[in-house]
Amino acid sequence: MSRLSIQLPGLDLKNPIMPASGCFGFGKEFSNLYDLSKLGAIMIKATTVETRLGNPTPRVAETAAGMLNAIGLQNPGLEMVMKNELPYLERFDVPIIANVAGTTTEDYVEVAEKISEAPNVKALELNISCPNVKHGGITFGTDAVVAKELVEAVKKVSKVPVYVKLSPNVTDIVGIAKAVEAGGADGITMINTLVGMRLDERTGKPVIANGTGGLSGPAVKPVAIRMVYEVYKNVNIPIIGMGGVTNAQDVIDFMSAGASAVAVGTANFVDPFVCPNIIEALPARLEELGVQRIKEIIGRSHL
Amino acid sequence: MIQQERMIVVRQSEIAQHIFELTLQGQIVQDMNPGQFVHIRVSDSFEPLLRRPISISNIDKETGEATVIYRAEGRGTQILSQKQVGDEVDVLGPLGNGFPVEATPEGGTALLVGGGIGVPPLYELSQQLNARGIRTIHVFGFSTKDVCFYDDQFSTLGDTHYVTVDGTKGTKGFVTDLLEELKPEFDVFYACGPLPMLRALENFYPDKTGFLSFEERMGCGIGACFACICKTTDQTDKDYVKVCSDGPVFPKGVVEL
């Protein structure tokens with residue numbers, strides 16, 4: 001057992017660090033830069049039944065210590081992901097968490113059933129929190145009853161554990177977390193982006209073609225930490241935390257609040273080597289804190 | 001290969017109104033080709049957060065120096081323009097696919113068309129074309145005289161013509177107005193500039209081989225974030241291309257204009 005290893009439902013992680021969905025494509029671009037086997041896991045870009053071409057451009061806008069995006073779940077569709085993207089990742093010794101998205105319950109069930117059969121997909125991440133698509137996505141993530149029913153339907157067909165990605169765009173995130181736990185979720189991933197808007201200084205109109213976008217980056221970290229902290233107190237399933245992580249201390253913070261593993265999102269766009277850099281920096285940070293194994297700090301804020 | 005490096009500022013100066021020429025030294029230079037770009041982090045803080053994509057205007061592999069020319073207009077480029085000789089700059093690169101110099105036959109003629117801050121990458125291209133015995137004709141459009149640069153540099157490489165929107169340098173109008181007047185003979189054209197200029201050029205030379213360099217708002221610069229997507233025409237089997245990693249240079253006719 002290494003100092004950084006973490007065991008979660010379906011996931012045997014050599015370290016708790018994984019790129020967040022939508023910030024790493026399907027890994028190919030980053031595989032030209034470093035060995036993806038270094039990562040704890042990879043959360044691949046959201047996959048839908050059909051090909052999605054996404055939203056019009058501009059799709060991103062920089063904000064104070066963060067960015068807005070409205071990509072719109074662009075992906076090649078289930079069949080191509082199964083045929084091209086997942087087999088490519090098999091050459092690396094790294095578990096894949098497949099992000100599943102759709103507009104109807106049937107969509108989620110279809111993607112979940114098929115993608116969970118891929119040999120390297122060790123867990124699913126149900127995307128009920130994408131703020132950038134008109135139908136589905138976040139509508140499943142803001143209503144506790146609907147969210148629970150979706151999890152139940154997906155659990156019936158999935159061959160691997162199911163994690164649910166929560167939206168921060170709700171009044172009561174604990175209520176949603178409890179609902180998906182009751183629906184049989186094996187874990188929670190949180191948080192997705194916060195809905196925001198930036199205006200053009202001259203015209204006063206939204207910069208992003210979609211109008212609104214999802215805010216991510218260091219600016220959202222305090223919100224994410226608070227939400228992980230609250231959810232940890234109220235559910236018994238593990239949490240993979242994310243939101244503005246850029247360095248080893250951010251990882252320590254999320255795990256202290258209650259996360260069992262941590263995803264890195266926007267930072268991959270700023271520094272494509274950020275994940276291996278954090279993994280390399282963690283042992284020294286643990287040494288400074290006098291911590292033997294990283295799992296000892298999970299939830300220490302609550303002690 | 002894409003690398004991240006803290007390059008050293010060798011020189012920096014303002015060569016036209018708000019237009020800066022920055023020369024950086026580092027290992028990355030050895031892998032650079034004309035038309036590629038570097039992705040620069042102007043500050044180690046979160047403000048601004050994202051890198052700035054800037055095209056490469058000169059590559060000197062012997063000294064390990066590369067030059068970029070940019071307009072200091074936004075927050076990020078204004079911070080970059082404050083960098084002093086000896087400062088370190090976090091650079092990711094070289095990125096993207098550049099101009100194919102081999103597309104023009106040796107002994108042939110290439111037409112280089114640039115608009116505003118799209119002119120810089122054509123400088124390295126022109127040097128490499130000339131080194132292969134290719135004649136270059138330069139046709140550049142700017143908004144006004146005060147933002148023009150590199151007149152001497154381009155003039156030593158080939159015939160150089162200017163057009164400005166307000167008529168303060170060269171003729172008045174747009175590049176296509178000037179091309180109509182000049183009627184240059186050439187084999188292949190290479191262009192970099194604003195979308196309306198690229199669109200006008202494609203329509204102006206429907207039967208010529210040409211290569212266009214595009215700009216789009218970028219996130220990661222390496223093809224992962226899907227921010228800089230362009231729709232394609234029926235001439236390709238792809239539904240879309242990414243400007244950062246599939247481009248920024250595309251053969252004429254690939255991107256829907």
Side-chain angles (χ1 to χ4, degrees), chain A residues 19 22-34 44-46 51-77 80 132 201 207-209 213 216-219 221 244 246-247 265-274 277, chain B residues 1-6 28 31 38-53 73-77 79 90-96 195 214-232 237-247 255-256:
Chain A
C23 300
F24 208 70
F26 292 93
K28 232 173 235 165
E29 293 79 12
F30 290 85
S31 71
N32 298 325
L33 304 179
Y34 63 86
I44 56 171
K45 192 156 170 48
T51 306
R52 282 188 67 114
L53 291 176
N55 292 327
T57 59
R59 296 173 163 192
V60 296
E62 200 173 33
T63 59
M67 67 179 273
L68 293 163
N69 89 81
I71 307 298
L73 298 182
Q74 179 161 13
N75 79 95
M80 297 306 276
N132 298 325
E201 288 87 352
V207 170
I208 289 186
S216 64
K221 186 187 153 194
T246 67
N247 58 38
T266 302
N268 288 291
F269 299 154
V270 180
D271 173 8
F273 299 94
V274 65
N277 287 347
Chain B
M1 201 185 123
I2 300 170
Q3 292 175 68
Q4 185 185 9
E5 184 179 6
R6 293 189 80 86
I28 293 179
D31 295 326
V38 287
H39 215 17
I40 300 181
R41 193 167 177 200
V42 301
S43 159
D44 289 331
S45 77
F46 296 142
E47 204 46 43
L49 183 66
L50 299 174
R51 291 174 183 271
R52 298 311 195 245
E73 195 178 64
R75 232 163 11 126
T77 43
I79 293 171
D90 180 346
V91 179
L92 186 70
L95 301 181
L195 272 181
F214 287 78
E215 273 198 328
E216 183 54 85
R217 220 174 255 267
M218 285 183 196
C220 68
I222 61 170
C225 76
F226 289 76
C228 62
I229 299 293
C230 282
K231 276 192 185 153
T232 52
D237 55 358
K238 289 180 172 179
D239 295 323
Y240 64 89
V241 287
K242 302 171 192 168
V243 171
C244 69
S245 56
D246 297 324
V255 174
E256 190 181 291

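In what follows, chains are A, B, ... by sequence order, proteins preceding strands, each numbered from 1.
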I need the [X] [atom1] to [Y] [atom2] distance, nearest 0.5 Å.
X: Lys242(B); Y: Gln74(A); atom1: NZ; atom2: CD; result: 8.0 Å
X: Gln3(B); Y: Phe273(A); atom1: CD; atom2: CZ; result: 8.0 Å
X: Arg217(B); Y: Thr57(A); atom1: CZ; atom2: OG1; result: 9.5 Å
X: Thr63(A); Y: Leu49(B); atom1: OG1; atom2: CG; result: 7.5 Å
X: Ile71(A); Y: Cys225(B); atom1: CD1; atom2: SG; result: 5.5 Å
X: Phe226(B); Y: Lys45(A); atom1: CZ; atom2: NZ; result: 5.5 Å

> Can you say whether Ile222(B) sits under 4.5 Å from chain A via the side chain, the backbone, both, or neither, judging by heavy atoms?
Replying inline: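 Both parts, backbone and side chain.
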
>> Given heavy-atom pairs under 4.5 angstrom as the criterion, report whether the side chain, backbone, both or neither of Gln4(B) touches chain A.
In response: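 Answer is both: backbone and side chain atoms of Gln4(B) are under 4.5 Å from chain A.
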
> If you count heavy-atom pairs under 4.5 Å with chain B, which of Ala65(A), Gly25(A), Pro272(A), Pro58(A) comes out on top?
Replying inline: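 The residue among Ala65(A), Gly25(A), Pro272(A), Pro58(A) with the greatest pair count is Ala65(A).
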
>> Among Gly22(A), Gly217(A), Gly66(A), which residue has the highest count of heavy-atom pairs closer than 4.5 Å to chain B?
In response: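 The option with the most such pairs is Gly66(A).
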
>> So for Phe30(A), is it side chain, backbone, both, or neither that comes closer than 4.5 Å to the heavy atoms of chain B?
In response: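 When you check distances to chain B, only side chain atoms of Phe30(A) fall under 4.5 Å.
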
> Of the non-hydrogen atoms in Phe24(A) and Ala224(B), which two are nearest, and what is the gap between them?
Replying inline: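 Of all heavy-atom pairs spanning Phe24(A) and Ala224(B), the closest is C-CB, 4.4 Å.
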
> Are the side chain of Arg41(B) and the backbone N or O of Val270(A) linked by a donor-acceptor pair below 3.5 Å?
Replying inline: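 Absent.
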
>> Donor-acceptor check, side chain of Glu62(A) to backbone of Pro48(B), threshold 3.5 angstrom: yes or no?
In response: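 Side chain of Glu62(A) to backbone of Pro48(B): no pair is present.
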
> Any side-chain heavy-atom pair from Asp90(B) and Asp271(A) closer than 4.5 angstrom?
Replying inline: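 Answer no - side chains too far apart.
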
> Should Ile2(B) and Asn32(A) count as side-chain neighbours, where that means a heavy-atom distance under 4.5 Å?
Replying inline: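 Ile2(B) does not reach Asn32(A) side chain to side chain.
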
>> The criterion is side chain to side chain contact (heavy atoms under 4.5 Å, CB included); which residues satisfy it with Lys231(B), sequence neighbours excluded?
In response: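 If we apply the side chain to side chain contact (heavy atoms under 4.5 Å, CB included) test to Lys231(B), skipping adjacent residues, the hits are Glu256(B).
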
> What do you reckon, is CD of Glu29(A) surrounded by more than 12 foreign heavy atoms closer than 6.0 Å?
Replying inline: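 Yes, the 6.0 Å shell around CD holds more than 12 heavy atoms from other groups.
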
